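Every value quoted in this text rests on a predicted model; they were computed, and no experiment measured them. Counting convention: from 1, in listed order, for ligands and their atoms alike. What's counted below: heavy atoms across the whole structure, side chains too, no hydrogens, waters or symmetry copies. Throughout, numbering of the chain's residues begins at 1 and tracks the sequence.
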Amino acid sequence: MPHYSFSNTQVLVLAAGKGTRMRSAKPKVLHELLGKSMLEHVLISLEALNVGGIAIVTGHGSKQVQDTMNAQHDVSWVLQAEQLGTGHAVQQCKDVCADAEHVLIVCGDTPLLQTNTLAKMLTEHVHSSSDISLLSAFQENPYGYGRIVRDQQGNMLKVVEERDANDHIQAIQEVSSGIFCVRQSVLFELLKEVDNDNEQAEYYLPSILPLAVQKAYSVQSCLMRDANEMLGINDRTQLRNAAKVLQNRVILDWEKQGVTIEQPETVRIDVSVHIGTDTLIRAGTQLLGHTHVGDACDIGPYAVINSAWVDDDVMIDAFSHVDHAHISMHGKVGPYARLRPEAYLDEGVKIGNFVEIKKAVIGKGSKVNHLSYIGDTQMGQDCNIGAGSITCNYDGANKHKTIIGDHVFVGSGTRLIAPVEVNDGATLGAGSIITRDVNPDGLTLSVRSEQRYVKHWQRPEKK
Ligand code: UD1
Ligand code: CA
């Protein structure tokens with residue numbers, strides 16, 4: 001992406017609306033697509049423009065919105081206590097716009113917008129010395145959007161909202177994205193004259209258009225190449241559709257970078273995920289949050305990986321669940337494995353079916369292949385943990401640590417009652433209950449109960 005700079009432009013993001021149609025306790029702009037809120041998607045595309053400043057207008061749930069955004073983004077906040085319309089929202093921003101020459105207004109509910117599209121609009125706005133530029137698009141189904149009405153010469157006259165449109169206007173497929181770039185002085189002059197004479201009795205931002213035409217200000221539209229970018233989200237169906245468009249964009253991007261994705265319509269890949277070249281993502285897999293997957297990995301089918309680090313040449317087999325864990329090079333995990341937070345697998349570790357690892361380091365080349373629970377454990381290199389062995393780390397009140405050295409062989413069905421330490425080279429007999437520290441090398445086993453033989457016993461017969 002080229003480097004942009006629009007330092008004489010102030011951006012306003014309108015995000016005060018309740019989002020009634022979402023039917024949610026959460027403010028609309030905090031609803032997520034592929035791991036990021038709508039508002040964050042919008043902010044990320046705006047930040048790359050390097051504008052003079054970004055202000056967000058909030059109202060409904062303003063505290064919640066500010067709390068979620070503040071840490072990551074350098075923005076200012078404007079409160080619109082009562083939501084009297086998009087024009088009214090912009091009016092509240094007069095002070096933050098005072099030093100800017102142009103004001104770019106975007107809605108917080110159009111998360112698919114891309115930096116390049118906005119940059120093209122701003123560049124055209126400046127080069128043509130326009131007073132008002134409106135980003136427009138052709139929508140096959142224009143329902144819900146403001147329609148652009150032109151005169152016979154094709155000059156833009158006004159935008160008519162869905163609710164205010166007659167049949168003739170409803171048939172117009174050229175729609176407003178809601179995104180305007182306006183000369184600052186003109187914007188606030190015109191807003192003073194906007195009325196609320198419409199079906200919703202709101203002060204509409206698009207109402208500045210006919211006023212500008214009357215006063216012979218120059219007004220132009222800038223057509224979007226990809227009409228999908230302006231998809232506005234007002235309800236959960238639109239949220240799903242936008243997420244689908246975004247997912248397709250993300251998948252195409254990774255394909256270009258050498259990743260193979262099988263049955264992509266079944267896969268979810270969040271926007272902050274990284275995937276290395278020659279990696280294969282199989283059907284039904286979900287790569288979530290800040291997951292990093294290295295080169296030449298084989299993931300899935302149906303693996304769920306959340307904010308985990310997966311190094312190069314790792315195989316994560318079917319139905320495995322990996323959450324905030326680390327898998328080093330040449331690791332093999334699953335099928336049906338569960339790595340919980342702070343599981344750290346060193347190089348070449350093998351974790352097999354129905355094994356759960358939590359807050360534990362598994363040393364280089366060690367294997368935990370079947371039906372085990374390893375928690376709060378520090379394990380050395382080249383250990384072999386037999387089927388069904390578990391660390392008993394929790395006494396009902398506190399968690400205790402298990403320490404296992406290098407080259408330890410744990411027989412099947414062993415219970416390690418923590419806190420306990422097993423020294424290098426030890427072998428633990430199958431079925432042992434280990435309650436005290438174990439010497440290096442040799443065989444350690446707990447005393448087994450005597451085995452009896454009952455010769456004349458007979459199986460009960462079926463009735
Ligand atoms: C708006 C536009 C419409 C455009 C469409 C594109 C208006 C009147 N309509 O319609 O022309 O085609 O977007 O998606 O501008 N908001 C506030 N304060 C308010 C009212 C709204 O901050 O008082 C915010 C909302 O939170 C939202 C944005 O403005 O993020 C747009 O409002 P919304 O009610 O979604 O407008 P639409 O009906 O989608
Ligand atoms: Ca909207």
Side-chain angles (χ1 to χ4, degrees), residues 11-22 24 26-31 37-43 46 55-62 64-66 77-93 104-113 132 134-139 141-149 156-165 169-170 172-180 182 187 190-191 194-210 221 224 227-239 241-242:
V11 173
L12 306 178
V13 182
L14 307 188
K18 182 160 183 230
T20 314
R21 291 164 276 181
M22 291 301 282
S24 172
K26 193 158 67 175
K28 176 167 80 170
V29 292
L30 293 185
H31 282 261
S37 68
M38 286 183 215
L39 186 54
E40 254 196 298
H41 283 287
V42 172
L43 287 180
L46 290 170
I56 305 177
V57 184
T58 56
H60 268 280
S62 61
Q64 210 180 333
V65 176
Q66 287 187 33
W77 299 94
V78 175
L79 184 70
Q80 184 195 18
E82 239 187 319
Q83 287 75 52
L84 303 179
T86 49
H88 178 258
V90 174
Q91 250 179 333
Q92 314 309 303
C93 303
L104 172 66
I105 301 145
V106 305
C107 297
D109 65 352
T110 51
L112 300 183
L113 260 184
I132 301 183
L134 168 60
L135 193 60
S136 65
F138 279 93
Q139 290 288 354
N141 174 14
Y143 179 81
Y145 293 106
R147 313 296 206 282
I148 295 178
V149 177
M156 199 159 52
L157 295 178
K158 59 180 175 178
V159 170
V160 178
E161 297 303 310
E162 178 75 41
R163 292 159 180 258
D164 303 308
I169 288 177
Q170 277 179 14
I172 298 173
Q173 289 179 311
E174 190 188 6
V175 301
S176 161
S177 66
I179 296 159
F180 286 84
V182 190
L187 176 63
L190 296 178
L191 276 174
V194 165
D195 63 28
N196 66 349
D197 184 16
N198 51 57
E199 212 263 332
Q200 293 196 91
E202 283 188 358
Y203 298 89
Y204 289 162
L205 175 63
S207 300
I208 60 172
L209 274 178
S221 64
M224 259 178 174
N228 274 334
E229 271 190 49
M230 60 158 282
L231 287 178
I233 296 176
N234 302 308
D235 60 35
R236 293 185 196 247
T237 306
Q238 288 170 331
L239 180 67
N241 288 334

What's the shortest heavy-atom distance between L79 and G59, and which atoms? CD1-CA, 4.2 Å
Using modelled atom types only, decide if a donor and an acceptor are shared between the side chain of D164 and the backbone of E199 within a distance under 3.5 Å. yes
Regarding S24 and H31, do their side chains bring together a donor and an acceptor under 3.5 Å, going by distance alone? yes
Indicate yes or no: does R147 engage E162 in a salt bridge with an N to O separation below 4.0 Å. yes
Value for CG (N196) from CG (L84), rounded to nearest 0.5 Å, stands at 8.5 Å
What's within reach of the Ca ion (ligand 2), meaning protein N/O/S atoms under 3.0 Å? D109 OD2, N234 OD1
Quick one: CD1 on I169 to CD on E161, what's the gap to the nearest 0.5 Å? 11.0 Å
Nearest 0.5 Å, please: how far is CD1 in I233 from SG in C107? 12.0 Å
Residues at least two apart in sequence or cross-chain that pass side-chain contact (heavy atoms from CB on, under 4.5 Å) with Q200, listed by chain then number, are R163, N198, E202, Y204
side-chain contact (heavy atoms from CB on, under 4.5 Å) with S221: which residues, sequence neighbours excluded? S136, R150, M156, E174
Note down each nitrogen or oxygen pair, ligand 1 side and protein side, whose separation is under 3.5 Å; give only atom names and the distance to 0.1 Å.
from, atom 1, to, atom 2, distance (Å)
ligand 1, 9 (N), E161, OE1, 3.0
ligand 1, 9 (N), E161, OE2, 3.1
ligand 1, 11 (O), E161, OE1, 3.4
ligand 1, 11 (O), E161, OE2, 2.7
ligand 1, 12 (O), G146, N, 2.9
ligand 1, 12 (O), S176, O, 2.7
ligand 1, 15 (O), T86, OG1, 2.8
ligand 1, 18 (N), Q80, OE1, 2.7
ligand 1, 22 (O), A16, N, 2.9
ligand 1, 23 (O), Q80, OE1, 3.4
ligand 1, 23 (O), Q80, NE2, 3.1
ligand 1, 23 (O), L84, N, 3.4
ligand 1, 23 (O), G85, N, 2.8
ligand 1, 23 (O), G85, O, 3.1
ligand 1, 26 (O), A16, N, 3.4
ligand 1, 26 (O), G17, N, 2.8
ligand 1, 30 (O), L14, O, 2.8
ligand 1, 35 (O), D109, OD2, 3.1
ligand 1, 35 (O), N234, OD1, 3.3

